[in-house]
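A quick write-up on the structure given underneath.
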Amino acid sequence: MHVADCLFCRIAGGEIPAQVIHSDPEVVAFRDIHPQAPVHILIIPRRHIASISVLSPEDAGLVGRLFLVARDLAREEGIMEEGYRMVVNAGPGAGQSVFHVHLHLLGGRNMGWPPG
Ligand code: 5GP
Ligand code: ZN
């Protein structure tokens, strides 16, 4: 499903430019426009899913692929050894601002815990 007014559907469809660093039939990854770390990449399914909160059991493989792509990108970006973080914000209270599932891959600096 392509949602016409969804920013990330439009990026996945090539209608809005982004620094795309991975693209396959199911998953697209691109650099965050406001990076919060030296490496800040968003990994998304091509198919529109508004939030992790509305995942179906059938989506399990797709979500697994988001993590595998992110892991591969961590290696390619040179942050695998020092460590990196993968984050999913779900709902406005957690800071979700784009309602198309995305996995943040952050690295290249030390991370605090707990996150804010
Ligand atoms: P959220 O806050 O929903 O977890 O994350 C949304 C992310 O999307 C934010 O980190 C924000 O900087 C990023 N973002 C918002 N608009 C754009 C855009 O047009 N292009 C890119 N590449 N990233 C965006
Ligand atoms: Zn979408």
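All ligand and atom numbering here is 1-based and tracks the order in the structure. What's counted below: heavy atoms across the whole structure, side chains too, no hydrogens, waters or symmetry copies.
- Proximity of F30 to I11: side-chain heavy atoms (C-beta onward) are separated by under 4.5 Å at one or more points.
- Within the 4.0 Å heavy-atom criterion, neither part of I16 lies near ligand 1.
- Of the protein's non-hydrogen atoms, the one nearest atom 3 (O) of ligand 1 is S97 N, 2.7 Å.
- Put simply, part of H102 is less than 4.0 Å from ligand 1, judged by heavy atoms.
- Considering only non-hydrogen protein atoms, atom 7 (C) of ligand 1 sits nearest to D32 OD2, 3.4 Å.
- Within ligand 1, counting atoms from 1 as listed, the ones closer than 4.0 Å to a heavy atom of H34 are 12 (O).
- If you look at H100 and H102, their ring centroids are not closer than 6.0 Å.
- Looking at L105 and H40, their side chains never come closer than 4.5 Å, going by heavy atoms from C-beta outward.
- Considering both main-chain and side-chain atoms, H40 never comes within under 3.5 Å of ligand 1 through any nitrogen or oxygen pair.
- In terms of N/O distances under 3.5 Å, ligand 1 is approached by N89.
- When only non-hydrogen protein atoms are considered, atom 16 (N) of ligand 1 lies nearest to L7 CD2, 3.3 Å.
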CA sep, side-chain torsions, deciding dist, call: H22, V28, side chain to side chain contact (heavy atoms under 4.5 Å, CB included): CA-CA 5 Å; H22 174 92; V28 179; over 6 Å; no
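- Residues I49 and D59 meet the side-chain proximity criterion, which asks for heavy atoms closer than 4.5 Å.
- Residue contacts with ligand 1, taken as heavy atom pairs separated by less than 4.0 Å, do not involve Q19 at all.
- At a threshold of 4.5 Å between non-hydrogen side-chain atoms, the residues P115 and V87 do not count as touching.
- Looking only at distances, no side-chain donor or acceptor of E15 sits under 3.5 Å from a matching main-chain atom of R10.
- In this structure, SG of C6 and SG of C9 enclose an angle of 120° at the Zn ion (ligand 2), rounded to 10°.
- For the Zn ion (ligand 2), the nearest N, O or S atom contributed by H48 is named ND1.
- Of the charged side-chain nitrogens involved, none lies within less than 4.0 Å of a carboxylate oxygen, so that D24 and R46 do not count as a salt-bridged pair.
- When the N, O or S atoms of H100 are ranked by distance to the Zn ion (ligand 2), ND1 comes first.
- The shortest N or O to N or O distance between V98 and ligand 1 is under 3.5 Å.
- Residues L42 and V98 have side chains not in contact (no heavy-atom distance under 4.5 Å, counting atoms from C-beta outward).
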Pair E77-I21, side chain to side chain contact (heavy atoms under 4.5 Å, CB included): steps then yes or no: CA-CA 10 Å; E77 295 284 319; I21 52 176; 4.1 Å; yes
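- In this structure, atom 22 (N) of ligand 1 lies nearest to the protein heavy atom R31 O, 2.9 Å.
- The shortest contact between atom 2 (O) of ligand 1 and any protein heavy atom is with G95 O, 2.7 Å.
- Inclusion of I33 in the set of residues having an N or O under 3.5 Å from an N or O of ligand 1 is warranted.
- Of all the heavy atoms of Q36, none lies under 4.0 Å from any atom of ligand 1, so neither backbone nor side chain is involved.
- The closest side-chain heavy-atom distance from I41 to D32 is not below 4.5 Å.
- Contacts with ligand 1 closer than 4.0 Å are made by no heavy atom of V88, backbone or side chain.
- Residue F8 places a heavy atom less than 4.0 Å from ligand 1.
- Using a cut-off of 4.0 Å between Lys/Arg side-chain N and Asp/Glu carboxylate O, R109 and E82 are scored as not salt-bridged.
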